[in-house]
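Okay, so here's the structure we're looking at.
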Amino acid sequence: MHLQFLYIIMEYNFQEIEANWRKFWAENKTFAAKDHSDLPKYYVLDMFPYPSGAGLHVGHPLGYIASDIFARYKRAQGFNVLHPMGYDSFGLPAEQYAIQTGQHPRITTEQNVARYRDQLDKIGFSFDWDREVRTSSPDYYKWTQWIFKQLFNSYYDVTQDKAVSISALIAEFEAKGNANVNATTDYEGTFTAAEWNAYSEKEKEARLQEYRLAFLADSWVNWCPALGTVLANDEIVNGKSERGNHTVEQKLMRQWSMRIKAYAERLLTGLEGIDWTDSLKDIQRNWIGKSIGASVTFTVDGGVSGADPRVIEVFTTRPDTIFGVSFMVLAPEHPFVDEITTDEYKTEVENYKASASLKSERDRQADVKNISGQFTGAYAIHPFSGEKVQIWIGDYVLASYGTGAVMAVPCGDQRDWDFAKHFGIEIINIFEDVDIAEAAYTEKEGKIANSDFLSGLTVKKAMKRAIHEIETRGFGKGKTNYRLRDAVFSRQRYWGEPFPVYFKDDLPYLVEDDQLAITLPDVDKYLPTEEGEPPLARATDEAWGDQLQGDRMDYNTMPGWAGSSWYFLRYMDPHNENEFVSKEKVEYWNNVDLYIGGSEHATGHLLYSRFWTKFLYDMGYIPFDEPFKKLINQGMILGRSSFVYRTEDTNQFVTNSKKKEFKTTPIHVDISLVENDILDIEAFKNSREEYANAEFILEDDGTYICGHEVEKMSKSKYNVQTPDELVEKFGADTLRMYEMFLGPLEQSKPWDTQGINGVHNFLRKVWKLVHDRNGNIIVTEGEPTKDALKTLHKTIKKVGDDLDRFSFNTGVSNFMICVNELTDQKCNNKSIIEQLVVLLSSYAPHICEELWVKLGHEAGTVGTQPFPTFNADHLIEANHKYPVSFNGKMRFMLELPTTLSKDEIEKEVLAHETAQKWLDGNDPKKVIVVPGKIVNVVI
RNA sequence: GCCCGGGUGGCGGAAUUGGUAGACGCGCUGGAUUCAAAAUCCAGUGUCUUCGGACGUGCGGGUUCGAUUCCCGCCCCGGGUACCA
């Protein structure tokens, strides 16, 4: 017994080895990144986690392991690597917990961070922990507030195509009014310098708010009564809140917003220069939703009694089809509807509006197939033909997109076609030689007909000509529309960044820089006030202390994406008290070379951080305008749930193969009670009181076999695998390699612990290359064999190539092949094993550090060894084994010298007896010889 | 509907430029070792087979001496998005 225990220790005592090296790395700050270095820099970043109470499961570290291997690889290649980690520590779960328990979210967050840190440390990451950031720390959010101030103090100058200080705009207003101003704004009117200078302070500020990049506006927001807060569009899934699945309604509120629309075009074109997957770029492109076309005005016939004639503006992507317009449709909510409706149609229109408003956005979408609408009795004048066209209202036109009105071209748009057919409206065909009897013609090809000056032109030319005519005749202008909306930036929550804003006479004023950070005041409860004010309104004057200014502080807090939009910059200079990042450091580290994280952030974090980066670039604070050069989305690791089958209304469980004989309900069973699908019946009985007296119908061999299913890992499915227990059982090196071995990084794949033994055995084999059974070092000095050199260099090449293309799974395979071959060769040669250890150290750092020392080197230096150099000479072979095919089917192998010419190879092959057999006396029609590859004989 | 991915043994997956399909690992089968079990080691493992071979990468076609790989048409799965004018 005692001997056996010793024997195991001698073999590969990963627990002791890993604990020692973790301590060594921490004490020696082995992975500290140097801010000043002659080496080229490389920045490897993970999306920092929100520290939730549930801790990490095996899916979380997948990306961290990949990025860590890559960071270590880059160090070996001679780069000065920045590889930091931190916490996105503001967020709703800690606040919800505070509401339930009264515990301050700061305490909850600190506890969770400690737990995360402990879990992360166990996996042996090479993070530079001295650079840790937490978005909820005042040292950090001081600068989030500072960036907000910069946004508040800026507007977007369209002519210069960049953000500019608002003081330049004020100077222009004072000197010349807004006549020459070309800025992104919601303001459409004009004023002179004299008018501006006569404005009251309140009026001036109201006007400026319409230009600022961070601004206050009454906006329709997604209000979630259950959470007592506003949600961003991407925090809503299918009309319900992403967190908690609560109902969301529309509400008009005074909110902070970010004028991200100003950056729509640059966010789009910037995608071209960065190495992200096509699918992710597509998601962002769709989200920004650029459409090119024209805005065209139609005048309402006869006007409105006692007022100027109403002019309806529409947006169209097909100005070339303008002669196909046979009616117009307004959204039921369009402001002109009541004015233009004739007395004759008043009742019908009112009824239609009422029924449309009852339908929620969701109902409308679900009801796409049903065509509905109502004629208003009014007509508009076609700008070119002068014909009268009917004006309808219909709920297929959305008030929130474009101008809330469309010019309907039934021959060229399927929805318009359906609408016209349904209501028997005329369909004008303006396409040459196209039949539109059955459906609209939506292709952008062919020629336009029946269209005055556009007739005979191709669609492409007609578009240009149409826009030209529209502009010269004053009916409108070429225009580009974006689906992207400005982002609401305030939340009625407690656990977020307070705004550096106070109000005086209801006007917002910024807190001075030297008074930042405005820290969170304590409150008695983490809920909205009785009057529906945010939780910060509960803070007493004492709680605010000397931070209190003006009539009151801003009671909102910033959304989750505020802190995460710039955190990658703070890692470069985490302790700087005077700047968010120093110029010198941001110029050295520059943007992120490799960013790894989930694709669920495609339209949130990844868009907002690009926006802020472009803004900070415009203001001259940073030298780049894209934050993440290369992005990899790691796939999800799915859980493998186990099921037992209970027969209905009993306490009797049926084994998997017999469950069909009964009426059963599948019940999730904790995966820790199951091994290789076999249920530990005693443990199951003990797991819950209700199972104590359970009865079982077993397999014929007396076991209970569980069913299984692959699904998302979650507590409620009892399929969560934590990394901790695996590190305990197999070691961090095994876990790291196994997670990589599961499959391609980007792919979703099921978690299955069965295979982990294979990887663990691999590491034991590595250990055995250096040790005998008693733990003695057995490496030999001297020249390595040719075979060993070939094995090593083949591996150097493959592992290096695999790393360069982020194929971590095949890298692990290649290590296994290498070690299998060296074991077969009985190779214990020191020079070979040393290089293997250096190569392997990025994947399995603990064991490699240990072996490196045992091979006689200084502790902690394996990571700084240069990546082994590949030498192709070792792979040169005298012979090549040719697969010989007949008509493309492989028939036999033939080993031939690599020096042979094509003709000589052909001769040798045809002379071979097996070839003669397949030829069966016939002459080959053709023989294809690819030297060094294959031979194919065609008969 | 539209836009992206993907479909290969019992399972996870490999095949990087059109050149031996199934590397590597798991699982399974048989054997060695053991009082026994675990662990370890060895051999086998795509399907069918009359043991010659035939078939085989979602389905149907095509290009090619040769196709998992390229082209055309379809089916299924995953993700994104949607009366976006």
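Lettering of chains follows the sequences in order, A, B, ..., and the numbering in each one begins at 1. Since we're looking at a predicted model, the values are computed, not measured.
- Annotation: U47(B) and U57(B) have their C1' atoms spaced 13 Å apart (nearest Å).
- One atom, CG of L840(A), and another, P of C24(B), lie 18 Å apart when rounded to the nearest Å.
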For nucleotides 45-63 of chain B, give me one character per nucleotide, 5' to 3': B if any protein heavy atom sits under 4.0 Å from the base, S if the only such contacts are to the sugar-phosphate, - if neither. --------SSS--------

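- In this entry the distance linking OH of Y396(A) with P of C83(B) reads 14 Å, nearest Å.
- At a threshold of 4.0 angstrom between heavy atoms, the contacts of M407(A) with the nucleic acid are absent.
- Atom C1' of G30(B) sits at a distance of 48 Å from the matching atom of C71(B), rounded to the whole Å.
- The base of C84(B) does not come close enough to the side chain of N481(A) for any donor and acceptor atom to sit less than 3.5 Å apart.
- With ring centers used as reference points, F892(A) lies 6.0 Å or more from W918(A).
- The nearest whole Å value for the distance from the CD1 atom in I928(A) to the P atom in G19(B) is 14 Å.
- The CZ-C1' distance, from F762(A) to G25(B), rounds to 12 Å in whole Å.
- In terms of phosphate contacts, N820(A) brings a side-chain nitrogen or oxygen within less than 4.0 Å of OP1 or OP2 of G25(B).
- Within 4.0 Å of I283(A), counting heavy atoms only, lie sugar-phosphate atoms of the nucleic acid but no base atom.
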For nucleotides 1-17 of chain B, read 5' to 3', which letter fits each nucleotide if B means a protein heavy atom sits under 4.0 Å from the base, S means only the sugar-phosphate is that close, and - means neither? --SS-------BSSSB-

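- Between C65(B) and C24(B), the distance separating the two P atoms is 34 Å to the nearest Å.
- Of the nucleotides present, none pairs with G66(B) by Watson-Crick or G-U wobble criteria with both distances under 3.5 Å.
- Using N1 to N3 plus N6-O4 or O6-N4 for Watson-Crick, or N1-O2 and O6-N3 for G-U wobble, each under 3.5 Å, C59(B) pairs with G73(B).
- Straight-line distance between the P atoms of A38(B) and G46(B): roughly 25 Å, to the nearest whole Å.
- A distance of about 29 Å separates the C1' atoms of U63(B) and C77(B), rounded to the whole Å.
- Heavy-atom nearest nucleotides on RNA chain B were determined for K881(A) and for S291(A), and the one closer to the 5' end corresponds to K881(A).
- Glycosidic conformation at G5(B) (O4'-C1'-N9-C4 for purines, O4'-C1'-N1-C2 for pyrimidines): anti, more than 90° from 0.
- For the pair H382(A) (side chain) and I322(A) (backbone), a donor-acceptor distance under 3.5 Å is present.
- Note on residues 801-810 of chain A: pairs passing side-chain hydrogen bond (donor to acceptor under 3.5 Å, both in side chains), not counting sequence neighbours, are Y73(A)-D804(A), K797(A)-D801(A), D802(A)-R805(A), D802(A)-T810(A), D802(A)-N814(A), S807(A)-N809(A), S807(A)-T810(A).
- Nucleotides G56(B) and A67(B), compared at atom P, are 11 Å apart to the nearest Å.
- C65(B) atom P lies 10 Å from atom CG of N936(A), rounded to whole Å.
- Among the heavy atoms of the strands, none lies under 4.0 Å from D416(A).
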Salt bridge (Lys or Arg N to Asp or Glu O under 4.0 Å) between K281(A) and E272(A), intermediate numbers included: CA-CA 9 Å; K281(A) 287 184 182 183; E272(A) 284 161 27; over 6 Å; no

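- For G52(B), the glycosidic angle deviates from 0 by 90° or less, giving a syn base.
- Rounded to the nearest Å, the gap between the C1' atom of A21(B) and that of G66(B) is 14 Å.
- For an aromatic pair to be called close, the ring centres must be under 6.0 Å apart, and Y738(A) with W751(A) satisfies this.
- Heavy-atom neighbours of E913(A) CD from other residues, nucleotides or ligands within 6.0 Å: at or below the threshold of 12.
- When all heavy atoms of F336(A) and V311(A) are compared, the pair lying nearest together is CE1-O, 3.1 Å.
- Spacing between atom NE2 of H760(A) and atom C1' of A39(B) amounts to 11 Å, rounded to whole angstrom units.
- Place S599(A) and G402(A) on RNA chain B by their nearest nucleotides, and S599(A) ends up nearer the 5' end.
- Using the Watson-Crick or G-U wobble rule with both distances under 3.5 Å, G30(B) pairs with C42(B).
- A side chain to side chain contact (heavy atoms under 4.5 Å, CB included) with F808(A) is found for one member of I69(A), L62(A), L742(A) and no other, namely I69(A).
- Closest to the side chain of P883(A), from the set U20(B), C83(B), C41(B), is U20(B).
- With hydrogens and angles ignored, the 3.5 Å screen pairs no side-chain donor or acceptor of S295(A) with any backbone N or O of G476(A).
- As a whole-Å value, the separation of L484(A) CG from U81(B) C1' is 15 Å.
- In summary, the side chains of S291(A) and Y401(A) do present a donor paired with an acceptor at a separation below 3.5 Å, with no hydrogens or angles considered.
- Rounded to the nearest Å, the gap between the P atom of G19(B) and that of G10(B) is 26 Å.
- Judged by distance alone, the side chain of R736(A) and the main-chain N or O of Y843(A) form a donor-acceptor pair under 3.5 Å.
- Across U40(B), A21(B), G19(B), the shortest atom-to-atom separation from the side chain of M890(A) is found for A21(B).
- Of the candidate nucleotides C83(B), C84(B), A85(B), A85(B) has the atom nearest to the side chain of T316(A).
- Of the candidates G19(B), U20(B), G25(B), G25(B) carries the atom nearest the M816(A) side chain, counting heavy atoms from C-beta on.
- A donor-acceptor pair under 3.5 Å links the side-chain atoms of R610(A) to the main chain of L267(A), judged by distance alone.
- For Y401(A) and A82(B), the OH to C1' distance is 12 Å, given to the nearest whole Å.
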